[in-house]
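So the structure is just underneath, and the comments pick up after that.
Every chain is numbered from 1, with letters handed out A, B, ... down the list of sequences.
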Amino acid sequence: MSRPVLDVRDLKKIYGEGEATVHALRGVSLTVERGDYLAIMGSSGSGKSTLMNILGALDIPTSGTYRLDGVDVSKLADRQLALARNRLIGFIFQAFNLIPRTSAVANVELPLAYAGVKPKERRRRAMAALEVVGLADRARHEPNQLSGGQQQRVAVARALVTEPALLLADEPTGNLDSRSTADVLSVFDELNAAGRTIVLITHETEVGDRAKRLIRLVDGQIVHDVRQAPVGALAGRHAR
Amino acid sequence: MTFYEVVRFALRGLSANKLRSSLTMLGILIGVAAVILLVAVGNGSAQAISDRIEALGTNTITVMSTGRGGSSSTALTKDMADALVDPVLAPDVKSVSPVVSSSATVTYEGTDHDVSSFVGTTPGWFTASNTPVGSGSAFTADDEAQGRRVVVIGQTVAEELFPGVDPIDKQVTVGGALFTVIGVLDEKSSTGFQDANDTAVAPLSAVRQVLTGYGSLNSILVEAVTPDKVDAVQSEVSAVLNQKMDVADGATSTPYRIQNASQLLETQTETADTFTTLLGAVAAISLLVGGIGITNIMLVTVTERTREIGIRKALGAPRRTILTQFLIEATLLSVIGGALGVAAALIGSSFEIVGVKPVIVPSSVGLALGVSIAIGLFFGGLPASRAARLRPIDALRYE
């Protein structure tokens, strides 16, 4: 069995001090295999966003260990952390978070630029990533000229352009209508079918049902962990 | 990621917000240009004042009588003037010009003109008083000795009496006598309210004969060999005059008064310096206000883009790259804005501002440019480095 992409042990996150202390995570342990498609569900305040931010190395846990592709993230310095975010993780936000007034292709190129890829190669790979999400013809458009679904697909292209070990999506369909949701989810299905590991947060059951494995988070703890399809299976079968 | 690419990122960042970038640059431009121009105007007026005083001649002293009327004990006489030409007692004296002057009416072909100062003197006066002859020629020592009635007139007189006519060799009537115009003085800048060009100069002997009579002199203009010998000349002249006028050693008052052009220049320069300091203070305040403007815009720009910094960090941008990008943006804004400000000031200084020709002070250019660039860098860099140090999630949540 290959090394797990994600290995989290007894993760805790505490906000505030004294009376105002909030235990966002109360000891979460989780292992995710390569090629898996994991959905995390939970009501608001259950700690799912906190967990996601820690998994994406955007935030640091109060205690617990987090191994990303075998590397202990808590031991990394700022520079190496930046490298880990760049090479190992593709993060997709609920609010898209594209750089404003910058064309779609330039947005997708950004992680490659920080990775030090040459401009020509960068352009080629960015266009290829836009092709995957079906937006090659909108490469020159700026974010405010794209619909919500298109913006999110640009964000997906940006997340996968560095070919990271892990795609993290924080409620990627939360701001989208049902058609755009279907577009984005089918992109996820294709990516997973191509072997990418995906972890996403959602509160919509139809999104959760398409994943191969479903986790429910309540009050900062995992209460359900259900495998809906084997890791090697084609994604999305279960839902249909 | 190469430095060149970071520069391209910065340029893209600037061009993505064209209006804000250009307004920031405009703010810096105005701040820098205002400082340079204000100081230049102050400096220009100071220089104009000292130019006018230098036009009087800085290596001369003027001896005047303190007495009123022609009482013999206080009057300056031609004899005294002659006594000042003494290579033993007064070795630093280059020339001595006795001066009489009065107002007179000059008439030419029925046109009258009242000359406010009709001067009678010796030929040395022209160089000593820094009053060159423009066209024609000055009178000679021979003219003076023979008492020939020749006159050199000022620009104003020439314009009044001879509009469109060459005045040379024309005959004018002064005090009932005919004088021949032999030259016209160069235009001279006026020191005070009096028109320095409303003058006429004739040989001392002729003026005394026709206008003033053989009484006392109005003043004696003494020229020193070099400007730094003026003080020596002043004491030499005092010594000779004290002897001639029987002034006791240590007497508190003398019957004459010595006016020193270089002393006048010093006083006036001090006044002008005060003026420049005042304008400089105003300029410093405007630079400060401009600086606060730059600070404000930089803070707003970076704060507004904290979210963008969060996105870039989430995509794997190292802190250094982000910091470099924002520093380059701040540098470009302040350097381009500052350079445009200097250019605007240079263009503005070629025009007269409220009657003063501004003269750029190089140090003010350096100071204004330096201060605005430093402020731009500091207040662009500081919040950027703070934002770059934030955890990505905090930067993303920043409102």
Checklist entry - Stepwise, does the side chain to side chain contact (heavy atoms under 4.5 Å, CB included) test hold for B:F9 with A:L110? => result CA-CA 10 Å; B:F9 267 43; A:L110 207 54; 3.2 Å; yes
Item to check | Side chain, backbone, both or neither of A:D59 within contact of chain B (heavy atoms, under 4.5 Å) | outcome: both
Checklist entry - Taking atom CD1 of B:I393 and atom CE of A:M52, what is their separation to the nearest 0.5 Å? => result 11.0 Å
Item to check | Approximate separation, where rounding is to 0.5 Å, of A:R101 CZ and B:K18 NZ | outcome: 10.0 Å
Next on the checklist: Using the rule given for salt bridge (charged side-chain N to carboxylate O under 4.0 Å, His left out), can you reason through B:E5 versus A:R122, listing the C-alpha separation, both sets of side-chain angles and the distance that settles it, and then say yes or no?
Outcome noted: CA-CA 13 Å; B:E5 289 211 62; A:R122 212 153 72 193; 2.5 Å; yes
Checklist entry - Can you name the residues that form a side-chain hydrogen bond (donor to acceptor under 3.5 Å, both in side chains) with A:E204, not counting sequence neighbours? => result A:T173
Item to check | Residue A:N97 versus chain B: region with a heavy atom under 4.5 Å | outcome: both
Next on the checklist: Would you say CZ of B:R391 has more than 12 non-hydrogen atoms from neighbouring residues, nucleotides or ligands within 6.0 angstrom?
Outcome noted: yes
Checklist outcome for this item: Scored by heavy-atom pairs under 4.5 Å with chain A, the best of B:A317, B:G13, B:G310 is B:A317
Item to check | Proximity breakdown for A:R87 and chain B, heavy-atom pairs closer than 4.5 Å | outcome: neither
Next on the checklist: At under 4.5 Å between heavy atoms, what parts of residues 23-40 of chain B are in contact with chain A? List them by residue number.
Outcome noted: none
Next on the checklist: I'd like to know which of A:I60, A:I89, A:L83 tops the heavy-atom pair count under 4.5 Å against chain B.
Outcome noted: A:I60
Checklist outcome for this item: Closest non-hydrogen atoms of B:P392 and A:A57, given as atom of the first, atom of the second and distance, are CG-O, 4.4 Å
Item to check | Qualifying residue for side chain to side chain contact (heavy atoms under 4.5 Å, CB included) with B:E308, from A:I99, A:L98, A:T102 | outcome: A:I99
Checklist entry - Does B:K313 come within less than 4.0 Å of A:D78, counting only side-chain N to carboxylate O? => result yes
Checklist outcome for this item: One option among B:R12, B:R312, B:R305 has the most heavy-atom pairs under 4.5 Å with chain A, and it is B:R312
Checklist entry - Around atom CD of A:E121, are there more than 12 heavy atoms of other residues, nucleotides or ligands at under 6.0 Å? => result yes
Item to check | Heavy-atom closest contact (B:I311 atom, A:R158 atom, distance) | outcome: CG2-NH1, 3.7 Å
Item to check | Distance in Å, A:R79 CZ paired with B:R319 CZ, rounded so as to fall on 0.5 Å steps | outcome: 10.5 Å
Checklist outcome for this item: In this structure, CD1 of B:I322 is separated from OH of A:Y114 (nearest 0.5 Å) by 5.5 Å
Checklist entry - Atom CG of B:L315 and atom CZ of A:R85: how far apart are they, to the nearest 0.5 Å? => result 10.0 Å
